[in-house]
Amino acid sequence: MFLPAIYSWTQKYLADGEARLTDKRGRRKQPEELSELDLANRRIKELERKLKEEQAKK
């Protein structure tokens, strides 16, 4: 473990508590947080996945 990382974590904890230390990597955005374009892209990917599953069944 590197000292700078430990120092950074300590400073975050002291400033904002345990909530600041949560890992948010890979978190999906909620639908309320998405723009119309993001929602459309998400829907396209969902439909492409379903189509691919249906084609694999045949």
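Basis for what follows: all heavy atoms, side chains included, without hydrogens, waters or symmetry-related copies. Given the structure is predicted, the values throughout are model-derived calculations rather than measurements.
- Residue-environment remark: CD (Glu46) exceeds the threshold of 12 foreign heavy atoms within 6.0 Å.
- Atoms CG and CD, from Leu39 and Glu32 in turn, are 9.5 Å apart once rounded to the nearest 0.5 Å.
- Note that CG of Asn41 is 12.0 Å distant from CD of Glu36, once rounded to the nearest 0.5 Å.
- Within a 6.0 Å radius of CD in Glu18, other residues, nucleotides and ligands contribute 12 heavy atoms or fewer.
- Side-chain atoms of Gln55 do not come within 3.5 Å of backbone N or O of Lys52 as any donor-acceptor pair.
- Judged by distance alone, the side chain of Ser8 and the main-chain N or O of Pro4 form no donor-acceptor pair under 3.5 Å.
- When all heavy atoms of Lys29 and Arg42 are compared, the closest pair comes out as O-NH2, 3.2 Å.
- The heavy-atom pair separating Leu21 from Tyr13 by the smallest distance is CD1-CD1, 3.8 Å.
- A heavy-atom distance below 4.5 Å is not found between the side chains of Lys45 and Arg49.
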